[in-house]
Amino acid sequence: MDKNIRILIVDDFSTMRRIVKNLLHDLGYVNTSEADDGKSAWSVLQASTFDLVVTDWNMPGMTGLDLLKNIRADARLAALKVLMVTAEAQRDQIIEAAKAGVNGYIIKPFTAVTLKEKLEKIAQRSVSAAA
Amino acid sequence: MSAAAAGGGEPLCRQVPVCPGDCLYAGVARLTRTLHEGLRELGMDSRLEKVAGSDIPDACSRLDHVVAMTESAAHRTLDLVEDGRAVADALHDVRQHLALPCELARGAAQPEVLLGSEQMVEEAEFRLRAILTALSQAQEYQDLSGQLIRRVIVLVRNVESTLLELLSAGGFQSAPRLPIYREQAGLAGPAMPGAGAANQDDADRLLASLGF
């Protein structure tokens, strides 16, 4: 995946935003912004252009799943890649996220290796889809 | 409370031979009155008022404080991780500075000392970066434990609301009605040990079966 892509990190826990940002920086992705719930992320997405959203699910205001649904329903944002990083680990929830159009799903706690793998997989699928 | 106290020794439905719904309401009303009187006699009303009015809010404040403390500690650790990254970057710069002397030394009679030094710096840099990444990841506990504690706070506040409503309905005091706090509907939250939640491999297999 192009290391210059713009990534929006969405999580209501500031520590988790910072951890995800650090791990992304380690992987060479330094063009990151942050939002503390779906609602503020939605405002940021309306105002700027991003290539990837890394979002938590369970947040006050607007959940990550609702953010994902809003993104898929918006003509300008519909193709935006969304990686969910969440503690929600029930089978039904994973299926719900898949049906809503998530591009990757990581269960907390996670490792840098898992994050790297999922980013590579999203990039691979983008290339395959474009070919 | 004895059966006699609650209903004169007879099943409630036999005493109030009306439709099942009325029977239930009459029974609940009688139980409430008995409970009300019992609580007054035992001096429990003031204890319940204290539990609902101050003990529970105090417990919630303490849990909020735990979340704030762990958040602060995690941020302090992440600050130190970032300081450590600056040291790793400095080691990287040292390696860059050693590159030219090392290149020149390759043709010399005994280049081992310099080349060995470059290798040692490189190993130290990589080891330090791996430690810092692991330290950073270890702070995930703050998010997960914070989510679990917030769920407990919501539960405790709901008990508080219910108690205050009961006290108010029982005429013990004019307790303020508190909102019932709600979690995001249907979300299970962080998995507890033995709760049968999916791990990353399970999630990957499930998504693969769905064509991901």
Side-chain angles (χ1 to χ4, degrees), chain A residues 11-27 37-38 56-66 83-118 121-122 124-125, chain B residues 67-68 70-79 81-82 84-85 88-89 129-130 132-148 150-151 154 181-192 195-212:
Chain A
D11 201 306
D12 54 331
F13 276 83
S14 55
T15 43
M16 185 51 76
R17 291 199 301 273
R18 211 168 157 187
I19 291 164
V20 171
K21 187 182 83 177
N22 282 347
L23 293 176
L24 286 170
H25 282 206
D26 283 348
L27 295 171
D37 80 331
D56 185 21
W57 182 324
N58 191 357
M59 295 177 287
M62 185 194 289
T63 67
L65 187 73
D66 288 336
L83 173 62
M84 201 164 262
V85 180
T86 173
E88 303 301 328
Q90 301 298 310
R91 186 185 156 84
D92 291 348
Q93 292 174 306
I94 299 168
I95 293 171
E96 196 178 357
K99 283 182 177 166
V102 79
N103 299 95
Y105 197 98
I106 294 178
I107 295 175
K108 295 174 184 174
F110 65 101
T111 65
V113 174
T114 305
L115 180 63
K116 184 168 183 276
E117 281 175 5
K118 300 305 164 202
K121 198 162 186 183
I122 289 173
Q124 268 174 16
R125 299 179 88 233
Chain B
V67 174
T70 57
E71 186 177 13
S72 168
H75 275 301
R76 174 74 185 126
T77 308
L78 291 169
D79 287 342
V81 165
E82 276 165 25
R85 280 175 209 271
D89 290 343
R129 286 194 194 279
L132 295 171
T133 300
L135 261 177
S136 182
Q137 278 176 225
Q139 303 314 304
E140 284 183 59
Y141 84 90
Q142 200 277 323
D143 174 333
L144 299 174
S145 61
Q147 286 192 47
L148 290 170
R150 281 184 183 174
R151 280 170 180 265
V154 168
Y181 296 85
R182 297 198 187 283
E183 268 286 333
Q184 296 287 352
L187 293 179
M192 294 297 290
N199 60 29
Q200 189 63 50
D201 288 340
D202 297 330
D204 289 348
R205 272 195 294 276
L206 180 57
L207 289 170
S209 73
L210 294 168
F212 274 72

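To find a chain, count down the sequence lines: A is the first, B the second, and so on, and within it residues start at 1.
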Do we see a donor-acceptor contact under 3.5 Å between the side chains of A:T114 and B:Q200? no

For a quick check under 3.5 Å, do B:E71 and A:S14 share a side-chain donor-acceptor pair by atom type? yes

Mind checking the CG-NZ spacing from B:L144 to A:K108? Nearest 0.5 Å is all I need. 6.5 Å

Part of A:L23 lying under 4.5 Å from any heavy atom of chain B: side chain

Name the region of A:K99, side chain, backbone, both or neither, that has any atom closer than 4.5 Å to a heavy atom of chain B. neither

Test side-chain contact (heavy atoms from CB on, under 4.5 Å) on A:R91 and B:D202 and set out the steps. CA-CA 9 Å; A:R91 186 185 156 84; B:D202 297 330; over 6 Å; no

Interface check, chain B: of A:Y105, A:F110, A:W57, most non-hydrogen pairs under 4.5 Å belong to A:F110

Find the one option among A:I106, A:D26, A:I19, A:D11 whose heavy-atom pairs under 4.5 Å with chain B are most numerous. A:I19

Highest number of heavy-atom pairs under 4.5 Å with chain A among B:L78, B:N199, B:D204, B:T133 belongs to B:L78

So which atom in [X] and which in [Y] form the shortest heavy-atom distance, rounded to 0.1 Å?
X	Y	value
A:T15	B:A74	CG2-CB, 3.4 Å
B:R150	A:D12	NH1-OD2, 3.3 Å
A:A112	B:Q137	N-OE1, 3.1 Å

Hey, is A:R18 close enough to B:D79 for a salt bridge, meaning N to O under 4.0 Å? yes

Set of residues satisfying side-chain contact (heavy atoms from CB on, under 4.5 Å) with respect to A:D92, sequence neighbours excluded: none

Listed by chain and number, what are the side-chain contact (heavy atoms from CB on, under 4.5 Å) partners of B:V81, not counting sequence neighbours? B:R85, B:L132, B:L135, B:S136

